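Taking it in order: structure first as C-alpha cells, then the write-up.
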Amino acid sequence: MKLKERWRNFGADIVLALLSFIGHLWFQQYPRNFVKSMKQRTVLREVTVSGKALHTGNEVSLTIKPAPVNTGIVFVRTDQFGHPEVRPSVNSIGDLVRCTTLCSEATSVQTVEHILSALNGLNIDNAIIEMDASEPPILDGSAKFYVNALLSAEPVEQEEDRKFFVLDSPVSVSVGNRSLIALPYDGLKITCTSADDRGVHTQHLSIDIDEKCYISEIAPARTFTVYEDIAELLKLGKIKGGSLDSAVVIKGDQILSKEPLRFKDEFVRHKILDIIGDLYVLGMPLKAHIIAVRPGHSLNSELIKKIHSQHTTEKKKSKGKEEQTTAHEPALDIHNIMNTLPHRYPFLLIDRVLEFSDDDTLRAVKNVTINEPFFQGHFPGRPVMPGVLQIEAMAQAAGLLMMKMGNLENKLAYFMSCDKVKFRRAVVPGDQLIIDVKLTKSRGNRIGVASAKCNVNDVVVSSAELMFTIIDNKD
C-alpha cells in the first residue's frame with residue numbers, strides 16, 4: 001500500500017510539473033496584461049524577540065528594525081566589535097548541518113532559516129536583524145512567533161518596486177533519492193514529499209504560497225527530528241538548546257511532543273517552511289514552482305546556487321545584447337583619468353570609467369584592496385573603507401563627468417557641498433565599488449549638481465547629492 005501511495009505521489013508531481021510548465025509558456029505569451037507591480041516592504045517599527053538558541057543553547061535577543069528601499073535583509077551581530085554584518089547571498093552560505101549558516105569575512109550567523117522564512121512569507125524585502133549572539137531563538141520550532149512579531153511591527157509598503165528572481169528555464173538538483181526541481185511559474189508554489197529512510201511518516205503537500213496562506217498553513221509547522229539522530233547531533237555539538245518545547249521527535253511509530261500535532265501533515269509543512277526560508281538566501285523573492293522530494297538545507301542550497309548561476313548567465317547575455325545595440329563612448333583608463341583629474345596617490349579613488357551614456361551619466365570603478373593606506377588605521381583588525389572616502393570617490397567620478405560633458409580644458413571641478421548622504425553597509429577589502437553618477441543640474445560652466453551612489457554586488461552601499469563649482473586651472 002505504501003509503495004502504491006509513493007507511486008501515486010510521484011505521478012502527481014509529474015502532472016503538476018507539466019501543468020506548471022504549460023502555464024509558464026502561456027504566461028510568457030501574455031505577461032504584461034496580468035502582472036501587477038508590487039512595492040517593496042519593510043516594517044514600521046522595531047520589535048524584539050528573545051529566547052534560547054537551538055544549537056548553541058545560548059539566550060539571545062533578536063531585534064527587527066526598519067530599513068530603506070533596496071537594503072535587503074541584513075543580519076547585524078551587536079555582540080561583536082564593530083557590529084559586523086552578514087547579508088544573505090549564495091556567496092555567504094556556510095555550514096548546512098541541520099541549519100542554514102551565513103558567513104561574511106568578519107562574522108557568521110546560523111539557523112536563520114525560520115526568520116528568513118517569516119520575512120519571505122510576509123513579503124518583507126528590507127529589514128535590519130540585530131542579534132546579540134550567533135543564532136536566533138528557536139522558540140517553539142516554527143516561524144509562528146516571528147510572524148506574530150513582524151505583524152506587530154506592521155509591514156509597510158515603500159516607494160520602490162519589488163525585484164524578483166524569475167526563471168527562464170527549469171533548474172534541478174538531485175542527490176541519491178533526494179531531488180529538487182524549480183520550474184518557471186508566476187508566483188511561488190511548492191510541491192513537497194517528506195519521508196525518512198524507513199519510509200515511515202511519508203507526507204505530501206502541494207500549495208501556492210501567498211501571505212495569508214503562509215501565516216495560517218505554513219508558519220505554525222514545527223521542526224522535527226528522528227530520535228535515533230539525537231545522539232549523533234549532540235556529538236557534533238548541535239541541538240544544545242533543543243527540547244520538546246522547540247521540536248517534535250519521531251521515535252518509531254510514536255510522535256513525542258508537548259502538544260498534539262498542529263496539522264496531520266505537519267512534517268512536510270515544516271519542510272516547505274524551510275524551503276521558503278532557504279530560498280530567501282537568493283537576496284530577493286523567487287518566482288517558481290518548486291517540486292521537492294526529501295529536501296534539506298544542503299540540497300536547498302545547491303538549488304539556490306544553480307538558480308543564481310542561471311540568473312547571472314542570463315543577465316550577462318542580456319547586458320551583452322544591450323551593449324551591442326546601445327552606443328557608448330569609450331571608457332577611460334587610468335591614464336585618461338590622470339590627464340583629467342589633478343588627484344594622485346594616495347587620493348586618486350577612480351581606477352576606470354566603464355561608460356558614459358545618455359550624455360549626463362557615468363559609471364566608474366574603484367577596486368578596494370587591503371593595500372589601501374587608510375586600512376592601517378581604519379580599523380586595525382577590522383578594515384573598513386571610511387565613508388568620507390566613498391563620498392570622495394563619488395565626487396571624483398562626478399568631476400570627471402562634468403569635465404567630459406562641458407569639454408572644459410584647463411578647468412577644475414571643485415567640490416563645494418554634499419547633501420542627503422547615506423551609508424548602508426560597510427565596504428571592506430576585496431569589494432569593488434561601482435560608482436554611478438548622474439548630473440541633475442548645470443548652471444552654465446560654473447555650477448553643477450550630481451546625484452551619486454556606490455554599489456557592491458548590485459547592492460547600494462552609499463549615496464549622496466554633490467555640488468561643484470568650475471574654476472580655471474590657472475586660478
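Reckoned from all heavy atoms, side chains included, excluding hydrogens, waters and symmetry mates. All values reported here derive from a predicted model rather than from experimental measurement.
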Item to check | Short side-chain to backbone donor-acceptor contact, Glu465 and Lys420, under 3.5 Å | outcome: no

Next on the checklist: So if I apply the salt bridge (charged side-chain N to carboxylate O under 4.0 Å, His left out) rule between Lys287 and each of Asp186, Asp168, Asp208, which one comes out positive?
Outcome noted: Asp186

Next on the checklist: Does atom NZ (Lys144) have a neighbourhood of more than 12 heavy atoms from anything else shown, all under 6.0 Å?
Outcome noted: yes

Next on the checklist: To the closest 0.5 Å, what do you measure between CG (Asp278) and CD1 (Ile304)?
Outcome noted: 5.0 Å

Checklist entry - How close do Arg222 and Pro260 get, heavy atom to heavy atom, and via which atoms? => result NH2-O, 3.3 Å

Next on the checklist: Has Glu46 got a side-chain atom pairing as donor or acceptor with Thr63's backbone, closer than 3.5 angstrom?
Outcome noted: no

Checklist entry - Which pair of non-hydrogen atoms, one from Arg425 and one from Asp431, has the smallest distance, and what is that distance? => result NH2-OD2, 3.1 Å

Next on the checklist: Main chain of Ala247, side chain of Thr223: is a donor-acceptor contact present, judged purely on distance under 3.5 Å?
Outcome noted: no

Item to check | Side chains of Val109 and Ser134 in contact at under 4.5 Å (non-hydrogen atoms) | outcome: no

Checklist entry - What's the verdict on side chain to side chain donor-acceptor pair (under 3.5 Å) for Ser104 and Glu85, showing C-alpha distance, side-chain angles and the deciding distance? => result CA-CA 7 Å; Ser104 68; Glu85 300 176 354; over 6 Å; no

Checklist entry - How far does CG of Asp274 sit from CG of Asn300, to the nearest 0.5 angstrom? => result 7.5 Å

Next on the checklist: Looking at Gln40 and Asn70, would you say the former's side chain and the latter's main chain have a donor-acceptor pair under 3.5 Å?
Outcome noted: yes

Checklist entry - Thinking salt bridges, do Glu211 and Arg41 make one under a 4.0 Å N-O criterion? => result yes

Checklist entry - What is the distance from atom CD1 of Ile275 to atom SG of Cys192, rounded to the nearest 0.5 Å? => result 4.5 Å

Checklist entry - Is there a donor-acceptor pair under 3.5 Å between the side chain of Lys271 and the backbone N or O of Pro295? => result yes

Next on the checklist: Just verifying a value: how many Å separate Phe423 CZ and Cys454 SG, rounded to the nearest 0.5 Å?
Outcome noted: 9.0 Å

Next on the checklist: Looking at every non-hydrogen atom in both residues, tell me the closest pair between Val248 and Ser257 and how far apart they are.
Outcome noted: CG2-OG, 4.2 Å

Checklist entry - With no hydrogens and no angle check, do the side chains of Asp140 and Ser142 hold a donor and an acceptor under 3.5 Å apart? => result yes

Next on the checklist: Could you report the tightest heavy-atom contact between Phe263 and Ala221, atom names first, then the distance?
Outcome noted: CE1-N, 4.1 Å

Checklist entry - Can you check whether Cys99 reaches Glu135 side chain to side chain, under 4.5 Å on heavy atoms? => result no

Next on the checklist: Between Ser194 and Phe224, is the side chain to side chain contact (heavy atoms under 4.5 Å, CB included) condition met? List the steps.
Outcome noted: CA-CA 12 Å; Ser194 171; Phe224 62 95; 4.2 Å; yes

Item to check | Distance in Å, Ile218 CD1 paired with Arg269 CZ, rounded so as to fall on 0.5 Å steps | outcome: 6.0 Å

Next on the checklist: Can you confirm whether Val173 sits close enough to Arg178 that some side-chain heavy atom of one is under 4.5 Å from a side-chain heavy atom of the other?
Outcome noted: no

Next on the checklist: What I want to find out is whether Lys163 reaches Glu160 closely enough, with some N-O distance under 4.0 Å, to be called a salt bridge.
Outcome noted: no

Next on the checklist: Please check this pair: side chain of Glu266 against backbone of Arg262, looking for a donor-acceptor N/O pair closer than 3.5 Å.
Outcome noted: yes

Item to check | Non-hydrogen side-chain atoms of Asp125 and Met284 separated by less than 4.5 Å | outcome: no

Item to check | Heavy-atom side-chain contact between Pro136 and Met131 under 4.5 Å | outcome: yes

Next on the checklist: Is it true that Ser206 and Thr191 share a donor-acceptor pair across their side chains at a distance under 3.5 Å?
Outcome noted: yes

Checklist entry - Any idea how His308 and Phe165 line up, ring-wise: parallel (<30°), tilted (30 to 60°), or perpendicular (>60°)? => result tilted

Checklist entry - Hey, what's the ring geometry for His270 with His114, parallel, tilted or perpendicular (30° and 60° as the breaks)? => result perpendicular

Checklist entry - Just wondering, do Ile215 and Leu151 contact through their side chains at under 4.5 Å, heavy atoms? => result yes

Next on the checklist: Are the side chains of Val47 and Leu150 in contact, using a 4.5 Å heavy-atom criterion?
Outcome noted: no

Checklist entry - Would His83 and Thr78 count as having a side-chain donor-acceptor pair, cut-off 3.5 Å? => result no

Next on the checklist: I'd like to know whether Gln110 forms a side chain to side chain contact (heavy atoms under 4.5 Å, CB included) with Thr56, so could you lay out the CA-CA distance, the side-chain angles of the two residues, the decisive distance to 0.1 Å, and finally the verdict.
Outcome noted: CA-CA 10 Å; Gln110 61 175 322; Thr56 64; 3.4 Å; yes

Next on the checklist: Give me the atom names and distance for the closest heavy-atom approach of Asp132 to Ser61.
Outcome noted: OD1-N, 2.8 Å

Checklist entry - Do side-chain atoms of Asp161 reach the backbone of Lys39 as a donor and acceptor pair under 3.5 angstrom? => result no

Next on the checklist: Is there a side chain to side chain donor-acceptor pair (under 3.5 Å) between Asn123 and Tyr214? Walk through the geometry before answering.
Outcome noted: CA-CA 10 Å; Asn123 303 319; Tyr214 180 84; over 6 Å; no

Next on the checklist: Assess the residue pair Asp79 and Val60 against the criterion (side chain to side chain contact (heavy atoms under 4.5 Å, CB included)); give the C-alpha distance rounded to whole Å, side-chain angles, the decisive distance to 0.1 Å, and a yes or no.
Outcome noted: CA-CA 10 Å; Asp79 59 317; Val60 55; over 6 Å; no

Checklist entry - Would you say Ile93 and Lys305 make side-chain contact, with heavy atoms under 4.5 Å? => result yes

Next on the checklist: Using 0.5 Å steps for rounding, measure from the CG atom of Asn120 to the CG atom of Leu116.
Outcome noted: 8.0 Å

Item to check | Backbone of Leu102 reached by a side-chain donor or acceptor of Ser92 within 3.5 Å | outcome: no

Checklist entry - Cut-off 3.5 Å, side chains only: do Gln158 and Thr42 have a donor facing an acceptor? => result no

Next on the checklist: Go through it in stages, so that I can follow the logic: the residues are Val268 and His204, the test is side chain to side chain contact (heavy atoms under 4.5 Å, CB included), and I'd like the CA-CA distance, side-chain angles, deciding distance and then a yes or no.
Outcome noted: CA-CA 6 Å; Val268 72; His204 179 83; 5.8 Å; no

Next on the checklist: If I compare all heavy atoms of Glu59 with all of Ala133, which pair ends up nearest, and what's the gap?
Outcome noted: O-CB, 4.5 Å

